[in-house]
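Written below as structure tokens is the structure these notes are about.
Everything numeric in this text was worked out from a predicted model, so none of it was measured. Protein chains get the first letters and strands the later ones, always in sequence-line order, with residue 1 at the start of each.
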Amino acid sequence: MKIPPVKGTRDFYPEQMARRNWIIDGWKKVSLRNGFEEYDGPIFEHLQMYQIKSGQEIVEQLFSLQDRGGRDLAIRPEITPTLARMVNQQIHSLPRPIKWFAVPRLCRAERPQKGRLREFFQWNVDIIGEDRADADAEIIFTTIDYLRTVGLTSKDVRAKISSRRLLAAVLTSIGIPAERLDPIYAVLDKKAKLPPETFQALLAEQVPDKDQAGKIHQFMALESVEGVAAITQPTEALTKALDELRSVLSVLKAMGVAEFCGFDPGIVRGLAYYTGIVFEVHDIAGELRAICGGGRYDNLLRDFGGPAIAATGMGMGDCVLEILLEQRGLLASQMPKRGLDYFVALAAPQFADAMYEVTARIRSQGRSANFSYKQGGLSKQLKEAAGQNARKCVIIGQEYKDHREVVVKDMAGGAQETVNLEQFLARLNS
RNA sequence: GUGAAAGUAGCUCAGUUUGGAUAGAGCAUUGGAUUGUGGUUCCAAGGGUCGCGGGUUCGAAUCCCGUCUUUCACCCCA
């Protein structure tokens, strides 16, 4: 009986596994050079962990289970709660700022679509214990540093940056009461996806006052933070939020990635736990979902029973990224091909023992080597070597019996030389 | 979770309109041509319960119903 793969999951055959490794290796390399340390947690946690703060949608999308002791558990749909738990446990002994990253495998029981599956990998970088905008800027820089490294340019992707604090300050200063903010956020978040008339209609439902709605439209149309002053009287909160956003943009400029970044008031993000700077990276053509998203979540550690400590971070899934890299031809051109250092071939069957010995000795020198299991002729073996993308072939034949010599053939150019076996093996290390 | 479209060999597809005999092609795989020299070429082979289940019919890949999966649009996110 054939059992199908589970909905929304992927099988990683060697070719796909190579892609996945290449993407994840890049994430790790860039994290480390930006000064982050790797951590990980368990793949499941108490169900309750996600009911505290993850937002309604994520809770509905949980894969949950009961263990044999009747405990309610869930496979992690995100790693940030785990991070909060881990940091809270050792908060008094961890030197700050805490700059940690992880590449967890996550599961959400969503309906699968292009760029969204039920099981995926997500690169997370977080800075905990620093409330200055420098930390937000570093998160965004690290994100761009990776995207730039894999070959994406400012013509391909753009980091759209905004601020929850700014949005709240603007809305408050034009007279929107605090309890009205959340439903308005939800509408503003959709602006980029809706036709202007639909957006206008939705906003009018939430903000019937023409004057207020007009100001919101004005704000949402801004392309630079400097336009905010013309819309409303600066309150203390507004000035503070503006300074923070300016500061992030100015650090990013100094770090040399200004061309990738811009203020975009349309970035609001889900209601979950963001409190300050928020950002998303999108493909410029706007064909795909967000490549990554992140922001400041200063209340999360406290919500998980710890002290009130500032935090900011980012998550990037592998699905959309891979589609974009594929589209741009950046995978095909950069993926390392499967390769083999040496293929050991046999010109006559009586040297089989030498073939095994040479293969093993090459391997023990740290080089990869294969030989053929088949009894075929040399021609067949070279064909097999070419199929495995071997860089060189070691051919064992009559010379071996006569003078302990082997033929070493360069598969790219075809040149070959006859060398003493011991000298050949000694040379491998140099 | 809601709505729509599509499922034929490992992959890309033909055949479905108009039901008819052992369901085809290219690529890929395996073997041979090739007993001391590979990537080319030529020949051959293997590989399908036509997604699955039921119905209509003398007869179903083809028509009908259900179901699963995928894709797209919502919802939301990475």
Side-chain angles (χ1 to χ4, degrees), chain A residues 1-11 13 15 23 27 54-61 76-80 103-124 143 186 189-190 193-194 198 267-272 274 279-283 287-295 313-324 340 343 345-351 372 374-401 406-416 418:
Chain A
M1 168 148 186
K2 251 187 202 170
I3 297 171
V6 174
K7 182 207 224 3
T9 62
R10 288 171 289 180
D11 292 329
Y13 288 85
E15 191 186 329
I23 287 172
W27 285 344
S54 289
Q56 194 56 38
E57 295 75 23
I58 283 204
V59 171
E60 282 166 11
Q61 293 161 358
R76 60 187 179 189
E78 54 174 345
I79 202 174
T80 309
V103 184
R105 184 189 275 248
L106 306 176
C107 292
R108 294 180 194 172
E110 291 182 281
R111 189 145 186 178
Q113 261 181 63
K114 187 177 192 178
R116 187 176 73 186
L117 298 168
R118 287 185 162 191
E119 184 193 43
F120 57 98
F121 294 86
Q122 190 186 63
W123 177 35
N124 284 252
T143 306
D189 193 40
K190 288 178 191 148
K193 296 163 201 160
L194 297 174
T198 319
I267 299 302
V268 182
R269 313 232 354 108
L271 305 172
Y274 293 105
F279 77 101
E280 288 177 2
V281 177
H282 289 258
D283 66 301
E287 291 166 0
L288 304 171
R289 298 163 189 287
I291 298 159
C292 76
M314 179 283 298
M316 179 185 297
D318 66 321
C319 305
V320 173
L321 176 70
E322 189 175 333
I323 293 169
L324 182 65
L340 191 68
F343 194 96
L346 218 47
Q350 68 266 32
F351 305 121
S372 179
K374 292 183 229 117
Q375 298 293 314
L378 186 56
S379 172
K380 276 280 190 298
Q381 295 176 67
L382 289 174
K383 202 169 201 162
E384 197 172 339
Q388 293 183 22
N389 202 19
R391 281 175 278 283
K392 292 190 173 176
C393 270
V394 178
I395 301 166
I396 303 174
Q398 194 58 36
E399 310 86 338
Y400 176 74
K401 191 180 176 196
V406 295
V407 174
V408 179
K409 179 183 178 75
D410 180 78
M411 295 297 278
Q416 58 185 52
T418 307

What integer number of Å spans the C1' atoms of B/C68 and B/C52?
7 Å
Check the distance between B/A78's P and A/W27's CH2 and give it to me in whole angstrom.
13 Å
Short N-O contact, A/E119 and A/R105, less than 4.0 angstrom
yes
Show the nearest heavy-atom pair for residues A/G115 and A/R289, with the distance to one decimal.
O-CD, 4.0 Å
Using atom P in both nucleotides, what's the gap between B/C58 and B/A5 to the nearest angstrom?
31 Å
What is the pairing partner of B/U69, taking Watson-Crick or G-U wobble pairs with both distances under 3.5 Å in any strand?
B/A6
Measure CD/A/E110 against P/B/A78 and give the value in whole Å, please.
9 Å
Just how far, in rounded Å, is C1' of B/U71 from CD of A/Q113?
9 Å
To the nearest 0.5 Å, tell me how far A/W27 CH2 sits from A/M316 CE.
7.0 Å
Nearest-0.5 Å distance that lies between atom OG1 in A/T198 and atom NZ in A/K190:
11.5 Å
Spacing of NZ belonging to A/K374 relative to CD belonging to A/E384, to within rounding of 0.5 Å:
4.0 Å
Rounded P spacing from B/C64 to B/U18 in Å
11 Å
Rounded to whole Å, please give me the gap between CZ in A/R118 and P in B/U71.
11 Å
In Watson-Crick or G-U wobble terms, with both distances under 3.5 Å, the base opposite B/U37 is none
Using heavy atoms to find the nearest nucleotide of RNA chain B for A/R111 and A/E280 separately, return the residue whose nucleotide is more 5′.
A/R111
P spacing across the pair B/A44 / B/A4, given as an integer number of angstrom:
49 Å
Checking N1-N3 plus N6-O4 or O6-N4 for Watson-Crick, or N1-O2 and O6-N3 for wobble, each under 3.5 Å, the partner of B/C42 is B/G32
Measuring from atom CG of A/L324 to atom CD of A/E287, what distance do you get when rounded to the nearest 0.5 angstrom?
9.0 Å
Complement of B/G48, any strand, by Watson-Crick or G-U distances under 3.5 angstrom
none
Base paired to B/U62 (Watson-Crick or G-U; both N/O distances under 3.5 angstrom):
none
Base, sugar-phosphate alone, or nothing: which one does A/G294 contact when heavy atoms must sit under 4.0 Å apart?
nothing
Can you find an N or O donor on one side and an acceptor on the other, under 3.5 Å apart, linking the side chain of A/R116 with the base of B/C76?
yes
Toward the 5' end of RNA chain B, which comes first, A/C292 or A/K114, by nearest nucleotide?
A/K114
Is A/R269 close enough to B/A78 that one of its side-chain N or O atoms is under 4.0 Å from OP1 or OP2 there?
yes
In whole angstroms, how far is the P atom of B/C77 from the CG atom of A/L288?
18 Å
Confirm from the modelled atom types if A/E322 and B/A78 form a donor-acceptor pair under 3.5 Å, side chain to base only.
no
Would you mind reading off the distance between A/I79 atom CD1 and B/C77 atom P, rounded to a whole angstrom?
20 Å
Could you tell me how far B/U30 sits from B/U71 if I compare only their C1' atoms? Round to whole Å.
34 Å
Touch class at under 4.0 angstrom, heavy-atom based, for A/A290 against every strand present
sugar-phosphate
Which part of the nucleic acid, if any, lies within contact of A/K392, taking any heavy atom under 4.0 Å across all strands shown: a base, the sugar-phosphate backbone alone, or nothing?
nothing
Roughly how far apart, to the nearest Å, are B/G66 and B/U49 at atom P?
25 Å
If the C1' atom of B/G20 is compared with that of B/G32, how far apart are they to the nearest Å?
39 Å
Under a 3.5 Å cut-off for both contacts, is B/A21 paired Watson-Crick or G-U wobble with anything, and if yes, with which nucleotide?
none
When you compare B/C77 with B/G39, how far apart are their C1' atoms, in angstrom units rounded to a whole number?
46 Å
Minimum-distance pair of heavy atoms, taken over all atoms of A/I267 and A/H282
CD1-NE2, 4.3 Å
Pair partner, B/G26 [Watson-Crick or wobble, under 3.5 Å]
B/C11
Consider only side-chain N and O atoms of A/T418 and A/E399, and report whether a donor and an acceptor are under 3.5 Å apart.
no
Who are the side chain to side chain contact (heavy atoms under 4.5 Å, CB included) partners of A/S379, not counting sequence neighbours?
none
Rounded to whole Å, how long is the line connecting atom CZ of A/F120 with atom P of B/C77?
13 Å
I need the NZ-C1' distance between A/K7 and B/U69, as an integer number of Å.
7 Å
Contact string for nucleotides 34-39 of chain B, one letter per nucleotide 5' to 3', B = base within protein heavy-atom range under 4.0 Å, S = sugar-phosphate only, - = neither, reads B-BBBB
Tell me whether the rings of A/F351 and A/Y400 are parallel (<30°), tilted (30 to 60°) or perpendicular (>60°).
perpendicular
